[in-house]
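Whatever order the structure lists them in is the order used to number ligands and atoms, beginning at 1.
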Amino acid sequence: MNISILGAGYVGLVTGTCLANMNHDVICIDVNKKKVESINKGIAPIYEIGLSELLAKNKNRIIATTNPSNIKKTDITFICLGTPSKKNRNIDLSNIKQGAIDIGKIIKQKDWHVVIIKSTILPGTTKDFIIPILEKNSGKKAGRDFGVAMNPEFLKEGKAIQDFLNPDRIVIGTEDDKTKKILKKLYENFRCPKVFTGFSEAEMIKYASNAFLATKISFINEIGNFCKKLDIDTYKIADGMGYDKRIERAFLNSGIGWGGSCFPKDIKALITMANKYDEKLKILENVVKVNDLQPLKIVEILKKHFPSIKGKNIGVLGLSFKKDTDDIRESRAIPVIKKLLQEKAIIKVYDPKAMDNFKKIFPQINYSNINNILNSDAILILTDWDEFRKLNYKGKLIIDGRRLEEAKQGIYEGICW
Ligand code: UGA
């Protein structure tokens with residue numbers, strides 16, 4: 001099929017590259033010229049495992065451009081535009097609005113086109129916001145003159161290609177049969193369950209899934225904080241619980257809490273939306289509260305070792321919100337560094353991929369090489385990059401927020417174990 005992808009961020013580019021690898025012809029459209037040039041050279045503009053290789057392999061089936069009029073050369077357009085948080089905890093739909101206007105104007109000149117929304121949008125957005133813009137700008141009727149589907153993504157950064165190629169399920173929210181058939185065909189080679197729903201159900205499945213995963217993590221962190229006081233190893237508790245199929249071990253790794261571009265933004269948006277409907281999401285409000293306090297636990301533990309950390313050399317390993325990504329959005333390293341700065345510690349940090357991004361918000365700290373970090377009064381592990389496993393921690397004071405077994409050779413304390 002001929003496919004256009006609006007927005008070449010990690011969701012759009014991974015989706016486009018994987019579809020190209022399935023022999024579809026793909027056009028990625030993005031406002032960022034540098035990104036477009038990089039994709040056309042076959043180089044991934046973001047760090048995502050396996051993406052550069054897959055992009056280079058499919059170079060002849062994927063092109064990038066800044067010009068949305070290229071949508072007309074395709075049969076299907078995926079909307080993969082960002083929906084960042086606004087200050088009032090709502091999500092910002094301005095990118096989606098512009099994308100829908102561009103697509104609408106092109107649909108006007110075409111017989112049939114399918115619009116598939118992959119961006120994370122609150123329940124009701126496809127029906128009440130996107131479809132009216134598409135209809136207004138095309139003068140056509142959704143479901144009759146063009147197709148619409150809400151097809152949320154469940155891609156973890158760092159494992160996005162693997163998740164795209166081996167999904168647990170594919171959710172397709174659509175309300176017309178022709179679109180349903182086209183999506184069935186597009187995903188026919190995927191062996192996983194396919195869940196067909198309406199638009200709003202598909203939108204809510206995405207939010208509820210992210211909210212539930214974040215709840216699992218905050219839950220095990222709360223249990224972990226308590227276990228630590230009882231001298232119980234939380235990871236053994238998670239293993240013991242995880243064998244129960246109703247619980248499942250994944251996302252029960254306790255540590256410094258969840259960050260990233262998705263969980264924090266999505267959960268806050270869902271809580272804010274529910275408030276407008278006079279529904280208080282009490283569990284989720286507390287899931288966020290537990291997560292806000294969790295990274296500061298590591299500084300509390302540090303202060304058990306040094307009542308004052310003023311002037312102490314503190315080495316930090318890991319700045320990205322998790323390993324295998326250069327993304328620092330809502331990284332738990334941010335509140336930790338803020339607190340260390342407040343307490344006037346001397347801070348040295350190292351991360352294999354995220355230092356350039358981190359420098360933009362904390363230019364005043366020392367960005368070091370990995371070995372130099374070991375010459376500190378204490379070392380905090382905030383991301384479990386594999387290369388941190390090879391260090392010689394013997395004799396060093398380590399406070400671990402991520403459960404790095406190898407660091408146990410040092411004078412070691414875990415955040416909740
Ligand atoms: C998350 C979801 O896992 C994806 O399914 C979803 O598609 C994506 O958001 C999205 O909405 O786009 P992602 O944010 O890339 O993916 O990262 P996760 O692997 O889910 O990790 C989120 C945070 O939770 C990280 O800070 C990670 O370190 C933390 N985490 C994860 C834990 O603290 N413990 C765990 O057991 C698992």
Quick test: of every protein heavy atom, which one is nearest to [atom], and how far off is it to 0.1 Å?
| atom | answer |
| --- | --- |
| atom 15 (O) of ligand 1 | E157 N, 2.7 Å |
| atom 3 (O) of ligand 1 | K156 CG, 3.4 Å |
| atom 1 (C) of ligand 1 | F263 CE2, 3.5 Å |
| atom 33 (O) of ligand 1 | I217 CG2, 3.5 Å |
| atom 37 (C) of ligand 1 | F251 CD2, 3.5 Å |

Please could you name the atoms of ligand 1 that E153 approaches to less than 4.0 Å, counting only its heavy atoms? 7 (O), 10 (C), 11 (O), 12 (O)

Does the cation-pi check pass for K353 over Y47, that is, NZ or CZ under 6.0 Å from the six-membered ring centre and within 45° of its axis? yes

Geometric cation-pi criterion K180 and F196, 6.0 Å radius, 45° cone: yes

Using a strict cut-off of less than 4.0 Å between a Lys/Arg side-chain nitrogen and an Asp/Glu carboxylate oxygen, indicate whether [X] and [Y] qualify as a salt bridge.
| X | Y | answer |
| --- | --- | --- |
| E188 | K185 | yes |
| R403 | D233 | yes |
| R246 | E248 | no |
| D292 | K289 | no |

Identified side-chain contact (heavy atoms from CB on, under 4.5 Å) counterpart of K348 within the set L374, N366, V316: N366

Min heavy-atom dist [X] to ligand 1 below 4.0 Å:
| X | answer |
| --- | --- |
| G260 | no |
| K159 | no |
| G257 | yes |
| G259 | yes |

For ligand 1, which part of [X] has a heavy atom less than 4.0 Å away: the side chain, the backbone, both, or neither?
| X | answer |
| --- | --- |
| L155 | backbone |
| Y10 | side chain |
| K323 | neither |
| I256 | neither |

Below 3.5 angstrom, do we get any N/O pair linking C262 and ligand 1? no

Backbone or side chain, does any N or O of W258 fall under 3.5 Å from an N or O of ligand 1? no

Min over L382, N253, T120, I220 of heavy-atom distance to atom 36 (O) of ligand 1 lands on N253

Name the option, out of R402, K322, R329, E330, that contains the heavy atom nearest to atom 18 (P) of ligand 1. K322

Any luck finding a side-chain donor-acceptor pair between S69 and N67 under 3.5 Å? yes

Pairwise distance CD1(I121) to NZ(K127) - rounded to 0.5 angstrom: 12.0 Å

Closer than 3.5 angstrom, by distance alone: can the side chain of T66 be matched with the main-chain N or O of K33 as a donor-acceptor pair? no

Test side-chain hydrogen bond (donor to acceptor under 3.5 Å, both in side chains) on S4 and T77; report intermediate values, then the result. CA-CA 5 Å; S4 48; T77 304; 2.8 Å; yes

